[in-house]
Amino acid sequence: MIMTGDFGEANKAGWQGAAFGAPIGGISGSVSAYRYAVKNDINPLNGKYNKPLYHYTTTENTDIIMKTQLGRTDDSWSYLTPDGNKTPIQAQIDLSLPQSNTAESLILLKPNSIYPRNFILQRNVTGNVYLRGGGGYEFIYKRTIPNKYLIRIK
Amino acid sequence: MEKIEANKVFSKIDFQKDIDYNIYPRSIYECPVCRNKLSFNMQNFKKYSLNTQSIFSIEEQKKIEKYIHTGKQKKPNSFIDFYCPKCNVPTRIYFTAWAGGRFTGGYHLEFIIINA
Ligand SMILES: [Zn+2]
C-alpha cells in the first residue's frame with residue numbers, strides 16, 4: 001500500500017540528501033529511496049520531513065510569526081531544533097540564542113510540512129556565539145515557513 | 001499623494017533585534033516636503049508592529065489605501081501614521097515586521113506615502 005505514494009517526491013528528497021551526508025551514488029531504485037526516506041525521517045509518501053521541529057523566541061516574535069510566517073524572505077534561513085522541552089534559560093544556553101531572545105515563547109513546526117531538501121545544515125550548536133555555551137542541536141532551513149504549518153505552544 | 005522608497009528618506013532602513021540589541025541605533029528621517037529631520041529608533045517600530053490603527057481621518061486613510069492598491073507591490077504588514085511636526089503633511093511609513101532567522105526578528109522600512 002505504501003508503495004502507491006509519491007515516490008518521485010520521496011526520491012527527490014532523497015537525492016538532495018547531500019546535506020545529510022548521504023552517499024548520492026548509493027541510492028538506486030524506489031526500494032532504496034524508500035529505505036533512505038524512512039531512515040532519514042522523511043515521509044516516503046510525500047517526501048516531507050516527518051518529525052516535529054521547534055522555534056524558541058519572544059512573545060512579540062511569535063505574534064508576528066503566527067500572523068505572517070517564520071522567516072523574512074525565501075532567501076533567509078530559519079533556525080529550528082528537534083527538542084521542544086527546554087526551559088527558556090536552557091534554550092538560551094543550548095541554542096546560543098541572541099541576548100534579545102528570551103525564549104519565553106515556543107512554536108511547533110508540524111511534521112509533514114516541509115521538504116528536507118531545503119535543509120541546508122543540521123548540526124550541534126557550538127558555544128561562544130553571544131557568549132552562550134551551546135550543546136543543543138539545530139536545523140537550518142532555507143525558506144520561509146507559512147503560518148499554516150505552525151502551532152503556538154506557549 | 002506620493003510614494004517614496006524608504007532608503008531615500010531614512011538613514012537606516014533595517015533594524016534587527018539581535019544585531020541592534022543594546023546599541024539603540026537611530027534612523028534619521030528627512031521630510032521630503034520641508035526637510036525637517038525626525039529621529040526613529042527600534043522601539044518606535046516595535047510599538048507599531050502589525051499596527052492597523054491610524055490617527056488620520058477616515059477619508060485620508062481611504063485615499064492612502066486606494067493609492068496603495070493601484071501598485072503591484074504587496075502591502076507591508078505594518079505602518080506608522082504621523083503629521084510632520086514642521087509642515088504638517090500627513091505621512092505614512094510602511095514597514096515589514098518579521099521574525100525567524102537565527103531566533104531573532106526585525107523591522108524593514110519599505111516606503112512612505114506623503115499625502116500632499
Ligand atoms: Zn515636513
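No hydrogens, no waters, no symmetry mates; every other heavy atom, side chains included, goes into these values. Quick note on labels: first sequence line is chain A, next is B, and so on, each numbered from 1.
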key: Heavy-atom pair count under 4.5 Å with chain A, highest-scoring of Asn77(B), Asp14(B), Thr96(B), Asp20(B)   =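 Looking at each of Asn77(B), Asp14(B), Thr96(B), Asp20(B) in turn, Asp14(B) comes out on top.
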
request  = Go through Gly101(B), Ser78(B), Gly106(B), Gly105(B) and name the one with the most non-hydrogen pairs under 4.5 angstrom from chain A.
outcome  =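 Result: the option with the highest number of such pairs is Gly101(B).
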
message = Checking an interface table here. Which of residues 37-61 of chain B come within a heavy-atom distance under 4.5 Å of chain A?
response =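 The list, in residue order, reads Lys46(B), Ser49(B), Leu50(B).
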
query = Using non-hydrogen atoms and a limit below 4.5 Å, what part of residues 141-154 of chain A faces chain B?
reply =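 Expected list: none.
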
task = Sort out for me which of Asn101(A), Ile64(A), Leu80(A) touches chain B most, counting heavy-atom pairs under 4.5 Å.
result =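 Top option by heavy-atom pairs under 4.5 Å: Ile64(A).
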
inquiry  = If we check side chain to side chain contact (heavy atoms under 4.5 Å, CB included) with Phe103(B), which of these qualifies: Thr58(A), Leu95(A), Asn61(A)?
reply    =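 Exactly one option meets the side chain to side chain contact (heavy atoms under 4.5 Å, CB included) with Phe103(B), and it is Leu95(A).
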
ask   = Do the non-hydrogen side-chain atoms of Pro98(A) and Lys17(B) ever get within less than 4.5 Å of each other?
value =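 Pro98(A) vs Lys17(B): side chains apart.
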
task = Below 4.5 Å from any heavy atom of chain B, which atoms of Thr68(A) appear? Answer side chain, backbone, both or neither.
result =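 Just the side chain, heavy atoms under 4.5 Å.
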
message = If you count heavy atoms of other groups shown closer than 6.0 angstrom to CG of Asp74(A), is the number above 12?
response =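 Check passes, neighbour count above 12.
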
query = Around Lys63(B), counting heavy atoms of other residues, nucleotides and ligands shown, do more than 12 lie under 6.0 Å from its NZ?
reply =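 No - once you tally the heavy atoms of other residues, nucleotides and ligands closer than 6.0 Å, there are 12 at most.
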
key: Reported OG1-to-CG distance for the pair Thr104(B) and Leu97(A), which is rounded to 0.5 angstrom   =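 Rounded to the nearest 0.5 Å, the OG1-CG separation comes out at 10.0 Å.
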
query = Could you give the distance from CG (Asn22(B)) to CD (Gln99(A)), rounded to the nearest 0.5 Å?
reply =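 Result: 8.0 Å between the selected atoms.
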
query = Of the non-hydrogen atoms in Ile65(A) and Gly100(B), which two are nearest, and what is the gap between them?
reply =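 Heavy-atom minimum between the residues: CD1-N, 4.3 Å.
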
Spell out, yes or no, whether [X] and [Y] are grouped together once hydrophobic residues are joined by side-chain heavy atoms under 4.5 Å, including indirect joins.
X	Y	answer
Phe79(B)	Ile114(B)	no
Tyr83(B)	Ile64(B)	yes
Leu121(A)	Trp77(A)	yes
Trp98(B)	Met66(A)	no
Leu70(A)	Leu53(A)	yes

